[in-house]
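What's counted below: heavy atoms across the whole structure, side chains too, no hydrogens, waters or symmetry copies. These numbers come from a predicted model, not from an experiment. A note on names: the letters A, B, ... follow the listed sequences, proteins ahead of strands, and every chain is numbered from 1.
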2 protein chains.
Amino acid sequence: MTSFISTYENKVDKKGRVSVPAAYRSALGSEAYQGVIAYPSLTYPAIEGLGRGTLEELNRRRFDQSLEGGDFAQTLVGRSDDGLVETIMSLASELPFDGEGRIILPARLAEQAGITDCATFVGRGTRFQIWAPDRYLEHQTAEIAALRTRLSGGAT
Amino acid sequence: MTSFISTYENKVDKKGRVSVPAAYRSALGSEAYQGVIAYPSLTYPAIEGLGRGTLEELNRRRFDQSLEGGDFAQTLVGRSDDGLVETIMSLASELPFDGEGRIILPARLAEQAGITDCATFVGRGTRFQIWAPDRYLEHQTAEIAALRTRLSGGAT
DNA sequence: TGGTATATCATGGGAATTCATGGGAATCAA
DNA sequence: TTGATTCCCATGAATTCCCATGATATACCA
């Protein structure tokens with residue numbers, strides 16, 4: 001299982017290129033396709049990222065499940081209550097690495113996340129996110145505060 | 001299952017390197033990747049440590065669980081009630097051993113734990129902690145006193 | 001039992017490699 | 001041609017690798 005952890009802040013140059021942290025790249029090491037899948041977060045001003053292998057496993061499991069359930073309609077015409085997955089698929093881009101392990105952030109995604117000249121890569125386990133550094137700082141502060149409250153109130 | 005026990009105090013050199021106690025290293029012996037995962041404790045001024053295998057299993061189970069439950073959206077956007085795992089992933093670092101079994105403490109983690117030139121490794125079973133020696137001493141005293149009180153007050 | 005040899009371990013410093021970053025040349029599309 | 005994209009190479013800084021040392025513990029032998 002590919003695991004993305006830790007956070008890194010890298011620069012975005014004039015051409016829109018950013019180095020994907022070496023640790024993330026080596027986490028993807030075994031995958032045939034060298035690059036990542038990116039799509040906008042629907043809940044935060046951020047870009048979501050996946051390895052290609054993760055995306056494929058997701059789609060395969062979803063496909064299998066709809067066939068086993070006999071829901072052929074969903075498989076063929078996507079008539080499903082869960083439009084979320086399909087919407088994301090349409091918004092997703094394949095971003096290949098250049099020789100130095102960089103990707104080019106699609107303008108639409110960068111804009112939506114408010115990313116200009118710096119980008120923060122945030123590991124989330126099986127996926128990762130790319131934020132504008134200042135927005136992430138803000139978000140992270142709130143995120144940790146919420147967790148601390150919960151932990152001090154409940155179990156360890 | 002890897003088991004970390006006992007307490008060790010080691011030096012941190014100018015480069016931020018510390019030897020991981022040999023006993024901990026041999027506890028990880030069977031794991032393919034030689035190193036540990038570290039993240040800040042959210043309740044103490046300390047660093048928490050795990051074997052990589054533990055982290056991988058955590059991510060794998062989370063991934064499988066969301067797919068089997070048909071919650072594909074969670075896999076894609078992490079729309080979930082527990083931000084706990086995702087927050088920890090963002091705060092965690094992979095610390096590989098060098099040839100001598102040392103790791104480099106990330107500045108952020110060391111600072112948060114108040115560690116400068118010495119570090120105390122504390123076995124906690126399936127995970128371990130790294131403390132500043134003086135803070136740990138203090139914490140340990142309180143911890144033991146609290147236990148004594150609880151035990152003498154409760155059972156015969 | 002005493003003493004020595006051997007292995008393991010924590011620690012230190014210097015050299016070599018990796019990594020992020022920047023710019024220019026080559027390629028492609030229109 | 002013109003604009004954009006991709007490929008290739010250069011650079012400095014940070015990191016990792018490699019070897020050396022001393023201390024401690026363990027094994028071995030007389």
Q: Please check this pair: side chain of B/Ser41 against backbone of B/Thr43, looking for a donor-acceptor N/O pair closer than 3.5 Å.
A: yes
Q: When the distance from NZ of A/Lys11 to P of C/dT21 is rounded to whole Å, what number comes out?
A: 6 Å
Q: I'd like to know if the side chain of B/Thr149 and the backbone of B/Ala145 have a donor-acceptor N/O pair within less than 3.5 Å.
A: yes
Q: Do any N or O atoms from the side chain of B/Asn10 and from the backbone of B/Ser19 form a donor-acceptor pair under 3.5 angstrom?
A: yes
Q: Given a cutoff of under 4.5 Å between side-chain heavy atoms of I, L, V, M, F, W and Y, with clusters grown through shared members, what are the other residues clustered with A/Leu28?
A: A/Phe4, A/Tyr8, A/Val12, A/Val18, A/Val20, A/Tyr24, A/Val36, A/Ile47, A/Leu95, A/Phe97, A/Ile103, A/Leu105, A/Leu109, A/Ile115, A/Phe121, A/Phe128, A/Ile130
Q: Using the side-chain heavy atoms of B/Asp13, tell me which of these nucleotides is nearest: C/dG12, C/dA10, C/dG22.
A: C/dG12
Q: What nucleotide, of C/dG12, C/dT21, C/dC19, holds the atom closest to the side chain of B/Arg17?
A: C/dG12
Q: Whole angstroms only, please: what is the CG-P distance between A/Asp117 and C/dA20?
A: 18 Å
Q: Take atom CD1 of B/Ile5 as the centre, draw a 6.0 Å sphere, and report whether it contains more than 12 heavy atoms from other residues, nucleotides or ligands.
A: no
Q: Using a heavy-atom cut-off of under 4.0 Å over every strand shown, decide if B/Pro21 touches base, sugar-phosphate, or nothing.
A: sugar-phosphate
Q: Does the side chain to side chain donor-acceptor pair (under 3.5 Å) test come out yes or no for B/Thr75 and B/Ser66, once each step is laid out?
A: CA-CA 6 Å; B/Thr75 303; B/Ser66 70; 2.5 Å; yes
Q: Going 5' to 3' along DNA chain D, which are the first and last nucleotides with any atom under 4.0 Å from a heavy atom of chain B?
A: D/dT16 to D/dC19
Q: Is there a continuous path of hydrophobic side-chain contacts, each under 4.5 Å between heavy atoms, that joins A/Leu151 to A/Ile144?
A: yes
Q: How long is the line joining CZ of A/Arg25 and P of C/dC19, in whole Å?
A: 6 Å
Q: Once you round to the nearest 0.5 Å, how far does OG1 of B/Thr120 lie from CD of B/Glu9?
A: 4.5 Å
Q: Using whole Å, report how far CG of B/Asp98 lies from C1' of C/dA10.
A: 11 Å
Q: What's the verdict on salt bridge (charged side-chain N to carboxylate O under 4.0 Å, His left out) for B/Glu143 and B/Arg124, showing C-alpha distance, side-chain angles and the deciding distance?
A: CA-CA 13 Å; B/Glu143 192 174 56; B/Arg124 296 292 194 186; 3.4 Å; yes
Q: Map B/Lys15 and B/Asn10 onto DNA chain C by nearest heavy atom, then report which one ends up closer to the 5' terminus.
A: B/Asn10
Q: Which part of the nucleic acid, if any, lies within reach of A/Lys14 when heavy atoms closer than 4.0 Å are counted: base, sugar-phosphate only, or nothing?
A: sugar-phosphate
Q: Return the residues of residues 101-109 of chain B meeting this criterion: a heavy atom under 4.0 Å from some atom of DNA chain D. Order them by number, or give none.
A: B/Arg102, B/Ile104
